[in-house]
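We name chains A, B, ... by the order of the sequence lines, and we start the count at 1 in each one. Given the structure is predicted, the values throughout are model-derived calculations rather than measurements.
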Amino acid sequence: DAGVTQSPTHLIKTRGQHVTLRCSPISGHKSVSWYQQVLGQGPQFIFQYYEKEERGRGNFPDRFSARQFPNYSSELNVNALLLGDSALYLCASSLVSGRAVYEQYFGPGTRLTVT
Amino acid sequence: AQRVTQPEKLLSVFKGAPVELKCNYSYSGSPELFWYVQYSRQRLQLLLRHISRESIKGFTADLNKGETSFHLKKPFAQEEDSAMYYCALRDNQGGKLIFGQGTELSVKP
C-alpha cells in the first residue's frame with residue numbers, strides 16, 4: 001500500500017478562482033480528515049468524513065467544502081480563493097471501529113499557492 | 001477552549017545531550033495526547049501517544065494532568081532526530097486533532 005495519496009502535489013491559482021484537492025485513503029480506512037497547514041504553523045483541522053458523512057468541521061468559512069465518495073476517497077473544494085488560503089493541505093485517513101478512531105496516517109500534502 | 005502550546009519554535013542541542021520538547025494543553029476532560037514528527041521531505045507521522053506509554057526511537061512522553069503537560073524527552077539526542085515535532089490533542093468526540101505550532105529540533109554534531 002502506498003499510504004495516503006494526494007493530488008496534485010503543487011497548485012498555483014489566482015484570487016477568486018476555485019480549487020479541488022483530492023485524497024485517496026489507505027485501503028480499508030473509512031475515515032478521512034483534512035487539515036490546513038500555513039507556513040510556520042501546525043496543521044489546523046478543516047473537516048472529518050466517515051462513511052460519506054461529515055463528522056466534524058473546523059473553524060473555516062463556507063467557501064471550504066468537502067465530500068467523501070463510496071470508495072472512501074475524498075475531495076476538498078475551496079471557492080473564491082484568497083491569498084490567505086495559500087498553505088499545505090493535508091489529508092489523513094484512519095480506521096474506525098464503533099466510536100474509536102485509530103491512528104491518523106497523513107498524506108504528503110498539496111501545496112496551494114494563491115497569487 | 002481546546003489548545004496546544006509548544007513554547008519553543010526552535011531547539012538546538014549537541015549530539016549526546018538530553019532533549020526536552022515542551023507541550024502544554026488546555027482541555028476540559030480526558031484528552032488523548034500525541035507527538036507527531038516530520039523529517040525533512042517526509043510526511044507527518046505519529047511518534048508516540050500517551051495511552052501506549054511506549055518508547056519510540058528513545059523518546060518518551062508522560063502525561064501530567066496536574067500541569068496539563070506532555071513533554072517529549074530523550075536522554076541522548078542523535079543527529080537523525082533533527083526534525084519538526086508537533087504535539088497534538090484529540091478530544092473524545094471523534095478524530096479531530098488539535099496541533100501545537102511545532103518545535104524544530106536541530107541536533108548538531
More than 12 heavy atoms of other residues, nucleotides or ligands under 6.0 Å from [atom1] of [X]: yes or no?
X       : atom1 : value
A:Phe69 : CZ    : yes
B:Tyr39 : OH    : yes
B:Glu67 : CD    : no
A:Asn71 : CG    : yes

When the 4.5 angstrom heavy-atom criterion is applied to B:Arg49 and chain A, the contacting part is side chain

- Side chain, backbone, both or neither: which part of B:Tyr36 has a heavy atom under 4.5 Å from chain A?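 Contact with chain A: side chain only.
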
Under a 4.5 Å heavy-atom criterion, the part of residues 10-18 of chain A in contact with chain B comprises none

Next on the checklist: At under 4.5 Å between heavy atoms, what parts of residues 35-42 of chain A are in contact with chain B? List them by residue number.
Outcome noted: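 Contacts with chain B: A:Tyr35, A:Gln37, A:Gly40, A:Gln41, A:Gly42.
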
If I take atom NZ from residue B:Lys96 and atom CD from residue A:Gln44, how far apart are they, to the nearest 0.5 angstrom?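 Nearest 0.5 Å value for the NZ-CD distance: 10.0 Å.
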
Shortest non-hydrogen pair, A:Val4 vs B:Arg43, comes out as O-NH1, 2.9 Å

- request: For residues B:Leu97 and A:Phe106, report the shortest heavy-atom separation together with the two atoms involved.
  value: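 Result for this residue pair: CD1-CZ, 4.2 Å.
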
- request: Would you please go through residues 99-109 of chain B and name the residues with a non-hydrogen atom below 4.5 Å from one of chain A, in numerical order?
  value: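 Within residues 99-109 of chain B, the residues under 4.5 Å from chain A are B:Phe99, B:Gly100, B:Gln101.
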
Among A:Gly56, A:Pro108, A:Gly109, the residue with the most heavy-atom pairs under 4.5 Å to chain B is A:Pro108

Are [X] and [Y] grouped together when hydrophobic residues (ILVMFWY) are joined by side-chain heavy atoms under 4.5 angstrom apart?
X       : Y        : answer
A:Tyr50 : A:Ile46  : no
B:Met84 : B:Leu21  : no
B:Val37 : B:Val19  : yes
A:Leu90 : A:Leu112 : no
A:Tyr49 : A:Leu76  : yes

Task: With sequence neighbours excluded, residues passing salt bridge (charged side-chain N to carboxylate O under 4.0 Å, His left out) with A:Lys30 - done: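 So A:Lys30 forms a salt bridge (charged side-chain N to carboxylate O under 4.0 Å, His left out) with A:Glu51.
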
Heaviest contributor of heavy-atom pairs below 4.5 Å to chain A, chosen from B:Val4, B:Leu44, B:Ile98, is B:Leu44

